[in-house]
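Structure first, commentary second.
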Amino acid sequence: MVAATGNADTTVGQGGIIEAVDRALTTHGRALLTGPAGAGKTEVVRAVAAAAERRETVLRLAPEAGDEAIPEASAAALLSTVPRTALERLAGPQRTAIALLRRETDEPRDGRDHVALRLALVEVLRTLAARTPVLIVLDNAQWLDAESADLLRFALRLTPPRVRVLVAERVQGGGPATEPLCGPGTPEIRVPPLGAEEIAELLVRHGLPARLAGRIHQASGGNPRLALALGHSLAEAGGARDGGAHHADTLPVSGQAREVARRLLAEAPAEGRRTLLLAALATRPTTALLRRAGRPDAESELARAERAALVTVGEDGAVRFTAGALRTTLAADAGWPERAAAHAALAGAVDDPVQAVRHRALAVDTPDQWLAAEITEAAAACRRRGQRALAAELGLLAAERTPVDLAGEELARLVAAAEDAGWAGRADLARRATRAVLARDASPADRVRARLAVIDAAGQALSDLDETFAHAMADAATEPSLQAAVQLRVAWKHNLSDGDPVRSRDAAAAAGELAATGGDQVAEAMALTVRARMGRILGDPDAEEILAEALAVPAPEVPLGMRNAPQYLAVRHALFDDRLDDARRQLLVLLPAVRRTGSAEDVFEVLRSLTEVELRGGRCAAGSAHARHALELTIEAGLSPGPAWYCAATAEAQGGSFARAAGYARRGIQASEEEHDQVFLSRSLYALGLVELATGEAAKAVATLRRVAELEAAQQVVDPSVLRWHGELAEALVAADAPDEAARLIEDVRTTARTLGRTTVTAALDRAQGLCLSALGEAEEAVALLEATARRFEVLGLPLERGRTLLALARVERRRRRRAPARAALRAAAEVFERAGAKPWLDLARESAPETAATAARHPGVAALTDAETRLALLVSQGASNQEAAAKLFLSVKTVESRLTRIYQKLDVRSRAQLATALRIA
């Protein structure tokens with residue numbers, strides 16, 4: 001028996017649940033908190049109790065598993081926490097009953113007056129409630145002994161409204177059992193699983209890599225305790241450092257993670273265990289399949305497992321485990337005879353020939369030439385369907401079932417399995433197959449193909465594969481086409497991990513020459529594509545000609561790695577040039593093609609570009625949908641999460657929520673730093689800087705966007721159309737009261753943009769220039785430039801850019817006290833954002849409209865302040881010292897002092913007190 005003590009911090013993602021419990025307690029006086037083991041119920045209970053202790057008496061009880069068998073154990077523990085002063089007014093029999101229960105007398109317990117005990121508990125609670133409100137907090141209610149539950153049930157029926165009750169219990173196969181304890185109509189609040197973003201935050205808080213969040217979220221089902229156990233198991237197994245080698249379903253479920261999973265599975269009735277094992281071993285389990293496999297009571301058994309939060313059963317009968325680790329644990333804990341029997345039953349029940357072959361193979365453990373051939377044919381069928389991960393699994397299985405006297409066939413199957421795994425991004429399978437290849441008498445070509453599969457499966461995390469690259473280059477030394485394949489991967493690594501487009505371009509050029517020598521047109525086209533991409537980044541005027549040359553090389557429709565296909569780079573260039581209709585049309589042609597290949601990374605690339613095209617074109621709902629699908633695919637396939645989080649941040653920043661956008665961007669930054677992905681590190685930082693700029697955190701935006709500038713400079717990026725951070729940094733500098741620096745940046749970038757013919761980039765620079773002119777006192781010129789820029793964005797078909805320009809125009813008009821034009825600009829901006837579905841920007845436009853009138857009404861001079869001056873004025877008016885304001889705004893104290901002098905002059909005030917009065921704050 002333990003009491004819930006301490007003041008622990010709540011776990012990630014539980015703020016909404018705590019609020020729901022508070023509402024239920026306020027409205028009903030009772031609340032029932034449920035959820036599976038490890039969901040975080042205890043943390044919620046502790047948080048609610050800690051908050052309540054400030055204003056009421058809190059009685060806390062947390063029975064343990066062994067207490068369930070001890071009569072009245074929990075009642076005794078609860079009464080032991082009651083202050084002795086609350087017992088002094090009890091009548092004699094009631095005091096005796098309490099003393100017996102609390103072991104405070106030597107009288108025999110057998111003669112206890114149970115009626116007196118019940119009345120005593122009621123009287124104690126009434127006495128406490130007469131002084132202050134009382135909150136009874138009962139955690140682990142599933143372990144209450146029957147006598148204590150009966151006693152509490154009676155007492156709580158007679159307590160006054162000032163006694164509130166919070167009960168937390170674990171969901172079980174039979175469902176919640178303690179609702180009568182709280183009384184009928186008690187609100188039941190279920191602790192939901194954490195999302196992938198919340199799992200990422202949880203991992204970071206515990207010193208585990210955020211890039212594992214997608215895999216761990218899928219394996220844990222969002223259960224915090226299981227997620228942390230998996231994270232620690234993975235770290236101990238070395239997976240936290242291997243570039244993400246573990247797929248969600250193959251995380252090491254060992255040690256603590258295995259025990260947590262077993263405790264969760266223990267909630268299922270024993271008679272349903274066989275049904276759950278069959279479901280765990282089936283690829284696509286359904287109730288109908290399980291019945292055909294010999295489980296006639298599958299529906300009722302699964303219903304109990306569903307109540308215990310182990311599975312969900314869809315309307316079509318599809319069965320899904322709430323956590324991937326449950327499937328793994330069920331299979332691992334079953335003995336070989338039990339697994340073999342289950343696979344044999346499934347082999348006769350499935351309606352897919354491929355799955356039938358798979359189950360037949362798993363039902364035996366001896367080599368079989370004909371079975372191995374069948375499995376190989378099934379793998380080929382999966383390859384044609386685009387099911388590359390399943391093809392890889394089957395290829396490995398075929399190799400295992402190949403007799404030892406067919407070593408050549410076994411090796412060929414292993415190499416094919418490795419390449420399938422590389423396509424699917426399944427690093428775990430690629431490494432497994434490659435280890436087997438290297439352990440055999442394989443040719444240099446086979447060794448190279450296997451090692452390249454490991455590289456291809458690693459996604460963005462290429463920085464830890466130097467040894468693999470070195471061995472692959474050594475094995476390829478005598479074969480130009482193999483050397484070309486290795487050099488191509490080297491080029492990708494130089495770009496992604498090293499952030500060095502010059503070395504990437506040079507490696508691609510070498511790869512192209514080797515491919516031409518070896519007659520490999522696919523590799524030649526990809527090498528030209530990499531050269532064209534790096535050329536665009538470096539501002540090479542020949543980049544478009546190189547891309548045209550790549551497009552002219554005969555090659556498959558979609559070669560390995562969509563980002564290295566020339567037709568895809570043509571789409572990216574169209575996007576950079578704001579030829580959005582062209583880009584969208586080509587992407588919609590590529591999408592079904594990449595889905596046929598079975599490469600999750602290829603599908604992600606197309607979805608990412610569709611997101612950017614739709615957002616840029618002012619179709620935020622469509623862009624957000626593509627971003628959502630890209631994130632779901634990333635989690636499901638176990639891809640590197642940095643790019644997907646950047647994509648989600650961009651979509652949220654345009655069509656969702658600035659707060660969520662910032663969260664996604666920070667997760668993307670974390671993951672990209674962990675994987676040494678310089679490209680998407682820059683992009684996630686850019687997304688965060690944009691949000692900080694939009695939400696008025698100018699100093700933070702300057703710091704974030706300057707970091708982008710440093711990274712881009714280190715990567716030698718010249719073309720400003722690739723990542724358009726320049727205008728945002730200039731706007732942030734203006735808002736932070738550094739217009740001179742902003743003007744210099746604008747002029748430098750404008751020169752480059754004009755040289756390269758990037759006309760749409762100059763429009764964004766013009767918006768920043770307008771704000772810069774306003775800050776320098778050239779209001780007329782600023783208004784004229786912003787009005788012209790807004791018209792230009794309309795012609796270019798870039799509505800969100802037009803809306804942002806109208807917002808800037810409204811700010812400039814407000815500063816020169818022209819209220820009607822400011823309101824007109826805001827209305828126009830709001831209309832643009834509403835049509836585009838750009839919710840956060842629409843909220844900005846609507847919030848700014850009343851602010852304009854209210855600020856002018858408070859003090860006419862306030863309208864003359866810049867945004868940076870307004871923020872400082874508000875801080876100082878609220879009592880901040882110069883030093884405190886400097887720290888909060890990331891300024892020097894000297895800058896604060898000079899800026900305050902200008903504010904005083906503009907508002908005609910001489911002190912902080914007068915400033916506060918002017919702003920109506922004091």
Side-chain angles (χ1 to χ4, degrees), residues 562-563 565 567-595 600-634 639 642-658 660-661 664-665 668 680 683-684 686-687 690-691 694 721-725 727-728 760-761 763-764 793-806 829-845:
M562 172 51 62
R563 62 177 174 265
Q567 57 267 56
Y568 181 65
L569 183 59
V571 171
R572 296 297 297 174
H573 283 198
L575 176 58
F576 296 155
D577 294 335
D578 286 312
R579 292 181 282 112
L580 302 180
D581 290 340
D582 289 347
R584 186 172 185 272
R585 183 172 58 254
Q586 293 176 60
L587 285 168
L588 292 176
V589 171
L590 286 175
L591 186 58
V594 295
R595 282 184 169 145
E601 281 199 330
D602 283 358
V603 177
F604 170 81
E605 278 294 328
V606 175
L607 289 174
R608 173 173 78 92
S609 289
L610 275 170
T611 299
E612 294 174 359
V613 166
E614 300 289 24
L615 293 175
R616 190 88 174 136
R619 295 177 290 271
C620 292
S624 296
H626 289 310
R628 189 164 54 251
H629 293 156
L631 184 55
E632 290 169 357
L633 173 67
T634 294
L639 303 179
W645 276 330
Y646 158 71
C647 189
T650 303
E652 287 290 343
Q654 304 296 350
S657 154
F658 284 137
R660 288 196 299 271
Y664 280 127
F680 279 94
R683 279 155 177 72
S684 291
Y686 166 70
L690 174 60
V691 170
S721 69
V722 175
L723 185 64
R724 306 184 187 202
W725 53 269
E728 270 72 22
T760 58
V761 173
F793 277 129
E794 185 174 19
V795 172
L796 290 169
L798 302 173
L800 297 187
E801 297 293 344
R802 176 172 177 255
R804 288 183 57 189
T805 306
L806 290 168
E831 290 172 2
V832 170
F833 293 138
E834 188 167 22
R835 283 196 301 271
K839 185 182 181 302
W841 294 94
L842 177 60
D843 292 342
L844 272 186

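We use all heavy atoms of the structure for the numbers below, so side chains are in, but hydrogens, waters and symmetry mates are not.
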Heavy-atom pair of closest approach, residues [X] and [Y]:
X      : Y      : value
Ala845 : Phe833 : CB-CD1, 4.3 Å
Leu631 : Ala644 : CD1-CB, 3.8 Å
Gly623 : Ala651 : O-CB, 4.4 Å
Pro840 : Ala653 : CG-O, 3.5 Å
Trp841 : Ala694 : CH2-CB, 3.7 Å
Leu575 : Ala583 : N-CB, 4.2 Å

Once rounded to the nearest 0.5 Å, what's the spacing between atom [atom1] of [X] and atom [atom2] of [Y]?
X      : Y      : atom1 : atom2 : result
Arg572 : Ser609 : CZ    : OG    : 4.0 Å
His629 : Cys647 : NE2   : SG    : 11.5 Å
Ser721 : His573 : OG    : NE2   : 8.0 Å
Leu798 : Phe793 : CG    : CZ    : 6.5 Å
Glu801 : Leu806 : CD    : CG    : 11.5 Å

Is the closest side-chain heavy-atom distance between [X] and [Y] below 4.5 Å?
X      : Y      : answer
Arg835 : Glu831 : yes
Val571 : Val606 : no
Trp645 : Ser684 : no
Leu587 : Tyr568 : yes
Arg619 : His626 : no
Arg616 : Leu800 : no
Gln586 : Gln567 : no

Discussion item. Check whether Thr611 reaches the backbone of Ala627 with its side chain - one donor and one acceptor, N or O, closer than 3.5 Å.
Written reply: yes
Set out, in order, the CA-CA distance, both residues' side-chain angles and the distance that settles side chain to side chain contact (heavy atoms under 4.5 Å, CB included) for Thr760 and Asp577, then state yes or no. CA-CA 7 Å; Thr760 58; Asp577 294 335; over 6 Å; no
**Asked** Distance only, no hydrogens: is a donor on one side chain within 3.5 Å (strictly under) of an acceptor on the other, for Thr650 and Tyr664?
**Response** no
Legend entry - Lys839/Glu652 under salt bridge (charged side-chain N to carboxylate O under 4.0 Å, His left out): CA gap, chis, key distance, verdict: CA-CA 9 Å; Lys839 185 182 181 302; Glu652 287 290 343; over 6 Å; no
Do Asp582 and Arg585 pass the salt bridge (charged side-chain N to carboxylate O under 4.0 Å, His left out) test, and can you show the C-alpha distance, the side-chain angles, and the key distance before you say yes or no?
CA-CA 5 Å; Asp582 289 347; Arg585 183 172 58 254; 2.7 Å; yes
Practice problem: Could you please spell out the steps behind the salt bridge (charged side-chain N to carboxylate O under 4.0 Å, His left out) verdict for Arg724 and Asp578? | Solution: CA-CA 12 Å; Arg724 306 184 187 202; Asp578 286 312; 3.0 Å; yes
**Request:** Decide yes or no on salt bridge (charged side-chain N to carboxylate O under 4.0 Å, His left out) for Glu612 and Arg608, but give the supporting numbers first.
**Result:** CA-CA 6 Å; Glu612 294 174 359; Arg608 173 173 78 92; 3.3 Å; yes
